[in-house]
Structures are given as structure tokens and as C-alpha cells.
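Below: one structure, written as C-alpha cells.
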Amino acid sequence: MSQTFSPVPVLDHVGGVLSIAVMAGLTFASAATWATHHPASAATVVQLPPVVMTVKRAAPVAQLPTVIVVAQRGAANVRA
């Protein structure tokens with residue numbers, strides 16, 4: 001009986017460990033970047049003056065008359 005070595009489980013575990021390590025590194029990097037960001041002062045809110053818009057009323061839209069279409073079913077086997 002010979003057993004062959006399959007690298008699939010080992011590569012799966014190594015890939016999982018590397019993925020977790022990369023995610024942890026990115027988390028720590030973003031936390032460090034966020035911790036070093038110190039705003040100099042609170043942002044001042046600029047109040048803009050109110051804007052008044054006057055718009056002319058749109059022209060009335062022409063209403064087309066209602067069209068009723070009546071159709072009848074033709075004969076089943078009509079050949080020309």
C-alpha cells in the first residue's frame with residue numbers, strides 16, 4: 001500500500017492563515033491611521049443665505065382622445 005501525499009489540505013490551511021494575517025494587518029493599519037488623525041479644531045459651519053426660486057407655470061399638455069381597438073379572432077386554418 002502506497003499513500004500519495006496531497007498538498008491540498010496543507011495549502012488550504014496556509015492560505016487561511018495568510019488571509020487572517022492580512023486582514024489583521026489591514027485592521028491594525030487602518031486603526032493606526034485613524035488614531036493619528038487629529039483635527040486642529042472643530043469645523044466651522046458656514047450658513048449660506050436662503051435661495052428663492054421663481055418658476056413660471058408650465059404650459060398645459062395637450063390631451064389626446066382615447067382610442068379603443070377592437071379585435072376579433074380569425075379562423076383557425078385560413079390560407080391565402
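Put simply, L18 and V10 are part of the same group of oily side chains (I, L, V, M, F, W, Y) that touch within less than 4.5 Å, one to the next.
The hydrophobic cluster containing V46, built from Ile/Leu/Val/Met/Phe/Trp/Tyr side-chain heavy atoms closer than 4.5 Å, also comprises L48. Residues M53 make up the rest of the hydrophobic cluster containing V51, defined by ILVMFWY side-chain heavy atoms closer than 4.5 Å, directly or through other members. In this structure, V45 shares a hydrophobic cluster with no other residue, the cluster being traced through Ile, Leu, Val, Met, Phe, Trp and Tyr side chains under 4.5 angstrom apart.
Here OG1 of T27 is found 11.5 Å from CD1 of I20. Values are rounded to the nearest 0.5 Å.
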